[in-house]
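Okay, so here's the structure we're looking at.
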Amino acid sequence: MRLGVKEIEAIIPHRHPFLLVDYIEDFEPGQWAVGYKCVTFREDFFKGHFPQEPVMPGVLTIEALAQVGAVAILSLEENKGKLAYFAGINKCRFKGKIVPGDKVKLETIIIKNRGSIGVGEAIASVDGKVVVKAELMFAVG
């Protein structure tokens with residue numbers, strides 16, 4: 001089921017300029033979500049990172065992956081209206097750059113979810129090439 005910005009905003013609290021997901025291609029509540037970020041030269045962060053060679057900051061890619069995971073976990077009926085907080089980032093690897101013009105595929109699979117604590121396996125890719133991988137720990141509250 002495809003979700004646009006308005007539907008994403010109904011699930012997670014993030015708003016422009018910090019909403020880093022343009023649309024969700026598909027998701028299964030509590031299980032996984034696949035979303036996309038279409039990166040343009042007009043992104044605010046490119047003014048300072050880096051003016052001579054614009055690169056999307058890795059921490060913002062991690063945040064985008066977390067937002068996709070938050071759509072999966074906060075779309076569960078028992079989590080509606082709650083927030084998902086970072087509890088940790090493990091096994092994080094940056095394997096490539098994200099630059100203006102890239103369409104970033106953001107995939108997060110919830111691999112553990114016990115009570116209010118969980119873990120998601122997250123992968124960001126551009127044109128089929130993995131650019132970021134990480135395990136994202138979260139707390140729902």
Side-chain angles (χ1 to χ4, degrees), residues 1-51 53-141:
M1 166 187 351
R2 185 178 165 119
L3 303 177
V5 170
K6 292 298 177 195
E7 292 90 0
I8 294 168
E9 288 178 341
I11 298 170
I12 65 175
H14 304 79
R15 299 295 181 265
H16 178 80
F18 208 68
L19 179 59
L20 298 172
V21 181
D22 293 323
Y23 66 95
I24 297 292
E25 181 179 73
D26 201 6
F27 72 105
E28 180 68 36
Q31 301 296 312
W32 56 270
V34 176
Y36 286 88
K37 167 73 175 158
C38 300
V39 181
T40 72
F41 189 72
R42 294 183 157 265
E43 308 287 347
D44 288 334
F45 49 78
F46 285 140
K47 292 176 190 169
H49 197 272
F50 302 98
E53 185 183 346
V55 176
M56 183 171 175
V59 295
L60 293 182
T61 307
I62 293 294
E63 175 63 28
L65 287 162
Q67 290 178 15
V68 168
V71 168
I73 207 68
L74 296 178
S75 61
L76 284 171
E77 192 61 40
E78 63 265 27
N79 291 335
K80 289 192 178 181
K82 294 182 180 179
L83 298 175
Y85 299 97
F86 262 122
I89 302 170
N90 295 319
K91 301 179 185 175
C92 184
R93 296 291 178 264
F94 298 97
K95 299 172 172 277
K97 297 189 292 190
I98 297 171
V99 299
D102 284 345
K103 182 177 178 181
V104 186
K105 184 176 187 180
L106 304 159
E107 303 172 86
T108 303
I109 300 168
I110 308 304
I111 59 172
K112 291 180 189 170
N113 190 13
R114 291 200 179 115
S116 64
I117 303 295
V119 178
E121 277 186 351
I123 296 174
S125 59
V126 175
D127 296 327
K129 180 182 181 262
V130 173
V131 291
V132 178
K133 288 178 81 168
E135 277 188 5
L136 307 177
M137 296 170 44
F138 61 87
V140 175

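In what follows, residues are counted from 1 in the order of the sequence shown.
- Residues Ala64 and Val21 share a closest heavy-atom pair of O-CG2, 3.8 Å.
- Under a 3.5 Å cut-off, the side chain of Asp26 and the backbone N or O of Met1 do form a donor-acceptor pair.
- Side-chain contact between Leu76 and Val140 is absent, with no heavy-atom pair separated by less than 4.5 Å.
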### Query
Given Met137 and Val119, is the side chain to side chain contact (heavy atoms under 4.5 Å, CB included) satisfied, shown in steps?
CA-CA 4 Å; Met137 296 170 44; Val119 178; 3.9 Å; yes
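- In this structure, Ile8 CD1 and Ile24 CD1 are separated by 4.5 Å, a value rounded to the nearest 0.5 Å.
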### Test side chain to side chain contact (heavy atoms under 4.5 Å, CB included) applied to Val99 and Phe46, step by step
CA-CA 9 Å; Val99 299; Phe46 285 140; 5.8 Å; no
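- Here the side chains of Leu20 and His14 are not in contact, with every heavy-atom distance at 4.5 Å or above.
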### Message
Test side chain to side chain contact (heavy atoms under 4.5 Å, CB included) on Ile12 and Leu19; report intermediate values, then the result.
### Response
CA-CA 9 Å; Ile12 65 175; Leu19 179 59; 3.9 Å; yes
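- Summarising the local packing, CD of Glu77 is surrounded by 12 or fewer heavy atoms from other residues, nucleotides or ligands at distances under 6.0 Å.
- No donor-acceptor pair closer than 3.5 Å links the side chain of Lys95 to the backbone N or O of Ser125.
- Side chain of Asp22 to main chain of Cys38: a donor-acceptor pair is present (N/O by atom type, distance under 3.5 Å, no hydrogens or angles).
- When all heavy atoms are compared, the tightest approach of Val104 to Ala124 is CG1-CB, 4.0 Å.
- Across all non-hydrogen atoms, the minimal contact from Ala72 to Ile110 is CB-CG1, 4.4 Å.
- Taken to the nearest 0.5 Å, the NZ atom of Lys105 stands 11.5 Å off from the CG atom of Asp127.
- In this structure a side-chain-to-backbone donor-acceptor pair under 3.5 Å is missing from Glu25 to Val34.
- Here ring-ring contact (aromatic ring centres under 6.0 Å, His included) pairs that include residues 18-40, with residues two or more places apart or in two chains, are Tyr23-Tyr36.
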Table please: side-chain donor-acceptor pairs of residues 86-94 below 3.5 Å, with sequence neighbours left out.
residue	atom	partner	partner atom	Å
Lys91	NZ	Glu135	OE2	3.4

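- Side chains of Lys37 and Gln67 form no contact here, defined as non-hydrogen atoms less than 4.5 Å apart.
- Between the CE atom in Met56 and the NE2 atom in His49 there is a gap of 10.5 Å [rounded to 0.5 Å].
- When Thr108, Ile11, Asn79 are each tested for a side-chain contact (heavy atoms from CB on, under 4.5 Å) with Ile73, only one passes: Asn79.
- Atom-to-atom distance recorded for Ser75:OG and Gln31:CD is 10.0 Å, nearest 0.5 angstrom.
- Closest heavy-atom contact between Val68 and Gly35: CG1-N, 4.1 Å.
- Contacts of Lys97 classified as side-chain hydrogen bond (donor to acceptor under 3.5 Å, both in side chains), with partners at least two apart in sequence or in another chain: Glu53.
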### Query
What do the steps show when you test Leu60 against Ile98 for side chain to side chain contact (heavy atoms under 4.5 Å, CB included), and what is the final call?
CA-CA 11 Å; Leu60 293 182; Ile98 297 171; over 6 Å; no
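- Put simply, CD on Glu28 and CD1 on Ile109 are 12.5 Å apart, with the number rounded to the nearest 0.5 Å.
- In this structure, NZ in Lys103 is found 11.0 Å from CG in Leu106, a value given to the nearest 0.5 Å.
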